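These numbers come from a predicted model, not from an experiment. Each chain gets a letter, A, B and so on, in the order its sequence line appears, and its residues count up from 1.
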Amino acid sequence: MNTTVGSYGPTYRPRRATRSSEHRLLGGVAGGLAEHLGVPVLAVRLAFVVATALSGLGVVMYAALWMVLPSAAHLQRSAPGLEAASRTGMRPRRGRRISEMGPLVALGAVAVGLAVLAQSLIGGSGLFWPVLLFVAGLAVLWRQADEAQRERWLDSNGRINLVRAVVGRGTPASYARLCAGLALLVVALVLFAVLTGAAGVAGDVLIAGGLGVVGLALTIGPWLFRLVGDLAEERAARVRTQERADMAAHLHDSVLQTLALIQKHADDGKTVARLARAQERDLRGWLYDERPAADTSTAAALRAAAAEVEDAHGLPVEVVTVGDVPFAQSLQPVVLAAREAMVNAAKHSGAPKVDVYAEMAEDKVEVFVRDRGAGFDLDVVPGDRLGVRNSIVERMRRHGGTARVRTAPGQGTEVAVSMEIGKDDATR
Amino acid sequence: MTHTVVIVDDHAMFRTGVRAELGDSVKVLAEAADVDEAVQAVVSLQPQVVLLDVHLPGGGGQEVMRRVAGRAPSTRFLALSVSDAAEDVIGTIRAGARGYVTKTITGPELVSAIDRVADGDAVFSPRLAGFVLDAFAGSIAVAQVDEDLDRLTEREREVMRLIARGYAYKEVAAELFISVKTVETHVSSVLRKLQLSSRHELTRWASDRRLL
């Protein structure tokens with residue numbers, strides 16, 4: 001590839017717990033925690049429910065984690081083309097289906113049941129229902145804070161103002177959540193006031209005042225917290241935007257160059273096709289690829305080899321890879337042999353394109369290079385065409401791999417290269 | 001018999017190009033540039049095949065299939081895209097497309113893909129076969145997986161590998177000493193598994209993939 005777009009260097013990233021956006025019933029805390037700790041989601045959820053039923057601690061822990069853990073959806077980045085397509089509504093939104101609400105309802109019912117059971121066993125205080133309603137109201141409001149944040153993130157012309165911070169894009173659902181959450185809180189407070197009404201008016205005023213402050217803090221807490229986070233994000237985003245702008249300028253420049261070259265070679269079909277193909281590969285790689293650089297991934301090394309052959313011989317080489325392994329010195333012969341096979345196909349087969357398929361597992365790498373061209377008779381390969389024998393078969397044998405050539409005149413050619421990898425090789 | 005086709009793509013230049021390439025081999029009933037137009041055209045014209053772009057204003061190709069669902073029972077969808085993003089490709093197949101080809105496909109290949117889809121078969125390009133193998137690969141501890149839908153049979157895997165290697169259905173059949181019809185059966189069954197499997201690896205795989 002003639003341009004190096006995007007930097008995928010092996011930078012160190014600390015493992016960071018996030019709230020899951022995929023395994024989410026309420027806030028995604030359990031899902032994110034399970035992912036971080038490497039335990040089943042169900043176990044974490046049950047732990048929260050049990051902890052809640054025993055002492056109410058589960059709810060507090062859940063709430064605390066909800067508040068401080070960033071949402072995973074917020075941190076996910078994909079290739080620029082895909083992000084753009086998402087923002088402009090060219091890709092489907094990840095909506096939630098009604099059927100996915102089943103577990104939430106079930107788990108909620110279990111939680112309430114356990115709580116009621118605990119209350120009846122311990123002997124209920126008058127505080128039980130207000131507290132339950134209060135918690136429910138908070139959960140609904142915090143959910144809305146999440147949604148608002150997500151929508152802010154999806155919105156491309158993102159200026160943050162107060163309304164958008166609270167309701168996001170202002171869909172009916174967000175207003176519904178806001179109203180329901182506030183209503184639950186008010187009912188909880190009123191209920192509390194009524195139930196504890198005997199405690200004396202002065203106490204009531206104090207309590208009401210205190211409750212108001214606590215309620216307010218708890219209610220806007222998440223928003224404030226996230227706004228701060230978003231501001232930091234925005235700063236990072238600005239840097240990223242500048243990088244992207246540079247990248248885009250660079251790409252547009254290379255497209256312009258290619259167009260100029262195409263005009264110059266307008267009567268030379270083969271050159272035009274080659275130029276167009278190279279440019280297409282470049283753009284496609286930038287827009288849709290999220291794959292690592294050639295020096296870290298075997299799949300990428302193969303793709304780079306294919307790109308070189310394409311450029312040199314003007315023949316499309318389609319690369320399909322399954323799995324991937326880190327690129328190690330010991331795998332160099334595989335890539336070189338595959339490359340030689342591609343060059344042979346491009347030079348001698350006369351086929352309109354070459355298919356490359358690579359299957360890479362922990363212990364073995366296999367590459368197939370196939371063309372539907374002229375083919376040849378293996379036994380009568382002329383002495384000057386050492387490519388197959390030396391570069392491919394011998395090379396693989398020397399390095400402890402195997403190469404197989406299947407061909408016959410008129411049948412096309414397929415070269416299969418394979419290499420076992422030991423554990424120490426792959427990590428070297 | 002020429003099949004009836006609706007072309008859905010937001011780039012007018014591309015629609016024109018496809019139309020020209022298809023020529024008289026199929027009958028193009030209409031073109032559509034976004035989800036709403038596409039749904040209206042498909043429901044009112046009931047084409048045999050819809051050439052569907054994956055990225056489309058209004059929610060993408062998946063949205064078109066979701067909204068048409070049931071209202072054009074004999075219509076089949078063939079996804080056509082420049083996006084090689086695995087998530088999009090698998091997502092589109094799971095939403096109901098009978099196949100996936102990239103926009104660089106040649107005219108005659110596209111016509112034969114349309115014929116195949118119209119006849120109820122599936123169209124797997126090497127790339128799609130690669131994605132499928134990737135998606136179904138990995139953590140297959142045979143003891144745990146008892147759901148039929150969650151894994152490919154050995155034969156299906158072989159067929160997928162050959163398609164990924166660039167073999168045409170005919171060549172796959174010759175290689176495995178089976179009939180083309182049997183190859184088609186295997187491919188359709190892979191398609192069914194891809195669409196019905198609830199295995200969560202399948203939906204998560206695309207995002208996990210980059211962690212390597």
Side-chain angles (χ1 to χ4, degrees), chain A residues 8 21-23 72 76-79 81-82 84-86 88-95 276-277 280 283-285 287-292 296-297 299 316 318-326 351-361 366-372 406 411-412 414 416, chain B residues 10 34-35 53-66 81-89 91-92 95 102-104 106 125-138 157 160-168 171 174-175 200 203-204 206-212:
Chain A
Y8 292 100
S21 50
E22 282 166 64
H23 299 277
Q76 264 164 20
R77 297 273 155 198
S78 46
L82 296 179
S86 297
T88 46
M90 312 263 275
R91 299 173 83 203
R93 285 277 187 85
R94 210 169 285 287
R277 175 89 187 160
E280 183 206 330
L283 274 176
R284 186 194 294 280
L287 279 173
Y288 299 116
D289 253 1
E290 310 170 65
R291 292 178 277 216
T296 58
S297 137
E318 289 284 347
V319 183
V320 174
T321 59
V322 170
D324 201 354
V325 290
K353 69 165 185 167
V354 181
D355 283 294
V356 177
Y357 170 68
E359 208 172 273
M360 286 162 284
E366 269 183 297
V367 185
F368 300 86
V369 179
R370 179 164 198 276
D371 68 68
R372 283 217 193 70
R406 265 178 52 174
Q411 299 278 303
E414 184 174 59
Chain B
D10 53 328
D34 60 32
V35 170
D53 192 8
V54 170
H55 289 165
L56 208 58
Q62 296 183 37
E63 183 69 14
V64 176
M65 287 185 273
R66 203 179 59 75
S81 171
V82 290
S83 164
D84 283 342
E87 259 173 291
D88 288 350
V89 174
T92 308
T102 50
K103 281 184 177 174
T104 43
T106 62
S125 57
R127 196 162 293 279
L128 177 55
F131 287 154
V132 170
L133 284 169
D134 231 353
F136 280 99
R157 196 173 290 275
M160 281 298 117
R161 289 185 81 207
L162 286 171
I163 292 175
R165 276 157 70 176
Y167 284 58
E171 293 164 323
E175 178 75 21
H200 74 282
T203 44
R204 289 204 46 196
S207 53
D208 288 353
R209 200 174 50 122
R210 88 182 83 138
L211 299 178
L212 208 75

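Using a 4.5 Å cut-off between heavy atoms, A/Val369 does not touch chain B at all. Interface residue B/Asp10: only side-chain heavy atoms are found under 4.5 Å from chain A. For B/Arg66, no part lies under 4.5 angstrom from a heavy atom of chain A. With a 4.5 angstrom heavy-atom cutoff, A/Glu366 touches chain B only via side-chain atoms. Of the two parts of B/Val35, neither the backbone nor the side chain holds a non-hydrogen atom closer than 4.5 Å to a non-hydrogen atom of chain A. For chain A, the nearby parts of B/Ala168 are the backbone and the side chain; heavy atoms of each come within less than 4.5 Å.
Chosen from A/Glu280, A/Glu359, A/Lys353, A/Glu318, the residue pairing most often with chain B at heavy-atom distances under 4.5 Å is A/Glu359.
Interatomic distance, CG of B/Leu162 versus CZ of A/Phe368, reported as 8.5 Å (0.5 Å rounding). Taken to the nearest 0.5 Å, the CG atom of A/Asp355 stands 12.0 Å off from the CD1 atom of B/Ile163. Residue B/Glu175 holds its CD atom at 7.5 Å from CD of A/Glu414, rounded to the nearest 0.5 Å.
The shortest heavy-atom contact between A/Val322 and B/Leu133 is CG2-CB, 3.8 Å.
A donor-acceptor pair under 3.5 Å links the side-chain atoms of A/Arg372 to the main chain of B/Gly166, judged by distance alone. The backbone N or O of A/Val367 lies less than 3.5 Å from no partner atom in the side chain of B/Arg165, so there is not a single donor-acceptor pair.
Judged by the 6.0 Å distance and 45° axis criteria, B/Arg161 is not positioned over the aromatic ring of A/Tyr357.
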